[in-house]
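All remarks here apply to the structure that follows.
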Amino acid sequence: MSFPWANHYAPKHPLMRWLDEKLPLPRLVYNAVGAGYPVPRNLNYFWNFGVLSGAALGIQLITGIILAMHYAANGLVAFDSVEHIMRDVNSGWMLRYAHANGASFFFIVVYLHIFRGLYYGSYKAPREMVWLLGLVIFLLMMATAFMGYVLPWGQMSFWGAKVITGLFGAIPVVGGPIQTWLLGGFAPDNAALNRFFSLHYLLPFVIAAVIILHIWALHIPGSNNPTGVDVKGPQDTVPFHPYYTAKDGFGLGVFLLLYCGMLFFAPNYMGHPDNYIAANPLSTPAHIVPEWYFWPFYAILRAFTFDIWFIPAKLLGVIAMFASILLLFFLPWLDKSPVRSGNYRPAFKKFFVLLVIDVLILGYCGGAPAEEPYVMISQLAAAYYFAHFLIILPIVSKLEKPLPLPNSITEAVLAKSGQA
Amino acid sequence: MVRLIAFLAGLGFVGILLYSLIMGAVSFVSEPPAKTVEHEFHLHPKELHLASDGPLGKFDRQQLQRGFQVYKEVCAACHSLHQVAFRDFKDLGFSEAEVKAIAKGWATETPSVNPETGEPATRKSTPADKIPSPYANEVAARAANNNALPPDLSLMSKARHDGGAYIYSLLTGYTDQAGFKNHAGQELLKEFPDAKTPDGLHFNPYFANLNIAMPPPLAADGQVTYADGTVATKDQMAKDVSAFLVWSAEPKLEARHQTGVAVMIFLLIATVLAWFSYRNIWAGIKH
C-alpha cells in the first residue's frame, strides 16, 4: 500500500513475531484486508459487491467440491447421479440447490460490481489493470458457468452445449473442425461431458488466482470512491478493518438472506423446467435458452438476422456477441474524461441510466422466444449497446462540461453531513 | 487511434443492426407470420392448490397415499417412476411392513437373472429396489403404444411449467375438438380446418401441441376405490395423483422448508447484530 499513514503490522505475541520472520502471511492478510489497508471513508453500499463476489465464489467452491464427490460425469448416468444427490445423499438437495442458485447470485453480485465500476469510473487511470483483470475473471466465470450447466445432462444442458459450441462452427473454413475438436466428437457426448467436468473443476481455481491479482492491482492505487476524487491525506481514509469488515459483514448478511430465501423457498425459479428431462439428442426443445445471466449476450447473438454480402448472419452474431464483451477491455481508453464519478458528469449520467435500461431490455429479449417483436426490440437495444460504448462515450467525454469537483473526500463528506 | 477504430466499429455494428431491423420490419409487414393453432388455442394450466404450496407448505399424507393408489392402479400400467425406490414410500406414511408388501405385490417384477442358468428373469421387488418399468425397454414401450413413448413420471412436476397444475389440467382437460372455442370465442376447426386431431391421437388443449398420444387415463368416476372413503371423482383422482407426482419430483420439500425457516431466523438475527456492530464501529465517523 502506497499511503504513508497506513497502519504497520507489529506482532506482539512471540509466536506471531517468530512466524512473521519465517513466513509473513499474517502481515500479508493485515495489509490486504486488515487494518493495514486505508480505504476512503465515504464508500457507499455499492462497494460491498466485491467482497460479496468473493463470498459467492467461496460458496461455489465448497458446495462444488462436495457435489463432485457424488456426481458421475458419464453420459449414461450423469442425469441419474444428480437425482441421486437430490434424493439419497444426506442434505444433497441443499448442496445442489445452493450450488445452482449460488451461480445465479454470483452473477447478480458481479453484475452489480461491474455496473458500480462503470458508473463511478473505476476503470479509469490509475485502475485500468484492476478493470482488465476483472474482465478476465468475468470471462472465466462465463466459461465456468456454461460448462457447469452442461453437467446435469438435462435437455437444456445438452442443447445449450450444442448451440454454444455451434457458435465456433460459424467461423469460416476452420469452424467445423474447431467445433468437433472442442466437443471431442460431432455432437455433445461423453467426451464433451468429461472435459467440461474437468474444466468446470479447474477454472474456479484459476478465477481465485486472478482474483488475487485483481486485489493486488487494486491495492497499488487504492480503492476508488463515490466522488472519484483521489485520497489526499489520512483524514480521507479509515482502515479496512474494522470499518469495512463491519460494513461488509452487514452486507453479507443481507446477501445471504436473499440467497437463502431463494435456495430454500424457490430453488427452481431461476432454472428451466426442460433441464429436469434427461438429455435426448433426438428431441429438440421448443425454445433453447441459456441461463438468465447470458440472456443479454444471447439477445445480441440473435439480433443479427440478415447476411451482409458474403458474411452469414450467424457469423455476424457471433462476432458481435464476443465484441460486446471485448470492447469493455478498451473502455479505459475510450472514455477520456478526467472526471471519474458519474455524480459529477451530468450527460454521462443520463446515458448510463439508458445503458442500464438497455441491458435489462436485452436480457428480457434474450430469454424470450426468437419471434417478433422481440427480435426487432433486441436489434434496437443491441444497436444502442454498441453505440453507447463505441460512439457516445468517446464523444460525451470530449464535449461534456463536468460539475465542479470537491477538493477532497473529507470536504465532500462534511458538506453532505452539513446539509443533513 | 483507438477511438477512431472504435467509432468505425461502432458505426459498423449499428449500421448492420439497423439494416437488419428495417429488413425485418419490412418483411414483418409485407408477410406477417402465420398464426399457429398452438398459439391461438393452447390453454395455460388451471389453478391447483396443494398443501405443499407456499414457503411453509407440507404434504397432505392422506392425499399422497390416494395419489399413490391412482399411480399404482392407473398410471403404472404404462409410465415408469424410476427415480423412486419402494423404500421412499415410507415418506407417504406407510409402515415398514406395508412398504415390503407394496414392493412384493407390485404388478411388474424387477429384472434379474436366473441364478441357475444366467438367463434373464424377474423376481419379486424389495424395498431397496427402484420402481420397475412396465416395459422391458423403449422399443417394447413404443411397440405397445402406437409408437409413442410414455415418459417417466418421477420428475414430471418439475419438468413442466406449473408442474402440479399442469398434470392436473392435462388429466382433466380432454375434451371434444368439435366445437372447441378459445377465450376469444373462435372455434378451432373453423379457424384451422387442417388442424383436425389425427387418428390415434387425442385432443387436449393443455398439451403443448394440442394432440396427445395418451388416451384419457381417468375415464370414469370411481375408477379406483379409496381406502379412506374419499369419493373418487375424476377431478379428485387427478388432484391426488398430481399431489403424488409433486412429491415424487421433490421428496425433500418438507425438510427444505423446515431448514429454510431455521436458516432465515438465524440469518435475520445475525444480520441485525451485524448492522448494530456496523453502526457502533462507525459512530462518530462522518461518511
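In what follows, chains carry the letters A, B, and so on, assigned in the order in which the sequence lines appear, proteins first and then strands, with residues in each chain numbered from 1. Reckoned from all heavy atoms, side chains included, excluding hydrogens, waters and symmetry mates.
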Could you check whether any side-chain heavy atom of [X] comes within less than 4.5 Å of a side-chain heavy atom of [Y], counting everything from C-beta outward?
X: B:L253; Y: A:W93; answer: no
X: A:P273; Y: B:R160; answer: no
X: A:D80; Y: B:H82; answer: yes
X: B:R3; Y: A:K336; answer: yes
X: B:Q83; Y: A:F79; answer: yes
X: A:T245; Y: B:I281; answer: no

Which heavy atom in [X] sits nearest to a heavy atom in [Y], and how many Å separate them?
X: A:A383; Y: B:L17; result: N-CD1, 3.4 Å
X: A:N268; Y: B:E250; result: ND2-OE1, 4.4 Å
X: B:A159; Y: A:I277; result: CB-CG1, 3.7 Å
X: B:S20; Y: A:Q379; result: CB-NE2, 3.4 Å
X: B:M264; Y: A:F265; result: CG-CE1, 3.8 Å
X: B:L267; Y: A:C260; result: CD1-SG, 3.7 Å

What part of [X] is in contact with chain B, defined as an atom under 4.5 angstrom from a non-hydrogen atom: side chain, backbone, both or neither?
X: A:I391; answer: both
X: A:Y384; answer: neither
X: A:L393; answer: neither
X: A:A278; answer: neither
X: A:M94; answer: side chain
X: A:V375; answer: neither

(request) Run the salt-bridge test on A:D88 and B:K252 with the 4.0 Å N-O cut-off and return the result as yes or no. (result) no
Return the [atom1] to [atom2] distance between [X] and [Y], rounded to the nearest 0.5 Å.
X: A:I395; Y: B:F7; atom1: CD1; atom2: CZ; answer: 4.5 Å
X: A:F264; Y: B:R256; atom1: CZ; atom2: CZ; answer: 9.5 Å
X: A:Y276; Y: B:M156; atom1: OH; atom2: CE; answer: 14.5 Å
X: A:L390; Y: B:L11; atom1: CG; atom2: CG; answer: 9.0 Å
X: B:M23; Y: A:D307; atom1: CE; atom2: CG; answer: 10.0 Å
X: A:F306; Y: B:I16; atom1: CZ; atom2: CD1; answer: 13.0 Å

Under 4.5 Å from a heavy atom of chain A, the part of [X] involved:
X: B:F28; result: side chain
X: B:V2; result: both
X: B:P55; result: both
X: B:A255; result: both
X: B:L21; result: both
X: B:A270; result: neither
X: B:L8; result: neither
X: B:Y19; result: side chain
X: B:I5; result: neither
X: B:V261; result: both

More than 12 foreign heavy atoms under 6.0 Å from [atom1] of [X]: is that the case here?
X: B:N137; atom1: CG; value: yes
X: B:F266; atom1: CZ; value: no
X: B:R279; atom1: CZ; value: no

(message) Quick one, A:M86 with B:K158, criterion side-chain contact (heavy atoms from CB on, under 4.5 Å). Give me CA distance, side-chain angles, the key distance, then yes/no.
(response) CA-CA 13 Å; A:M86 293 295 286; B:K158 287 205 289 194; 4.0 Å; yes
(request) Starting from the C-alpha separation in whole Å, work towards a yes-or-no answer on side-chain contact (heavy atoms from CB on, under 4.5 Å) for A:V254 and B:W275. (result) CA-CA 10 Å; A:V254 175; B:W275 191 76; over 6 Å; no
(request) For A:L380 and B:L18, run side-chain contact (heavy atoms from CB on, under 4.5 Å): C-alpha distance rounded to whole Å, both residues' side-chain angles, the deciding distance at 0.1 Å, then the answer. (result) CA-CA 7 Å; A:L380 211 54; B:L18 293 182; 4.2 Å; yes
(request) For the pair A:F250 and B:F276, evaluate side-chain contact (heavy atoms from CB on, under 4.5 Å) and give the outcome as yes or no after the intermediate values. (result) CA-CA 9 Å; A:F250 170 60; B:F276 278 118; over 6 Å; no
(message) Please rank A:M376, A:H388, A:E372, A:E371 by heavy-atom pairs under 4.5 Å with chain B and give me the top one.
(response) A:M376
(message) Any donor-acceptor pair under 3.5 Å linking the side-chain atoms of B:S248 with those of A:R87?
(response) no
(message) Over 60° means perpendicular and under 30° means parallel, so tell me whether A:Y243 and B:W282 are parallel, tilted or perpendicular.
(response) perpendicular
(message) If we ignore hydrogens and angles and just use 3.5 Å, is the side chain of A:R41 paired with the main-chain N or O of B:I285 as donor and acceptor?
(response) no
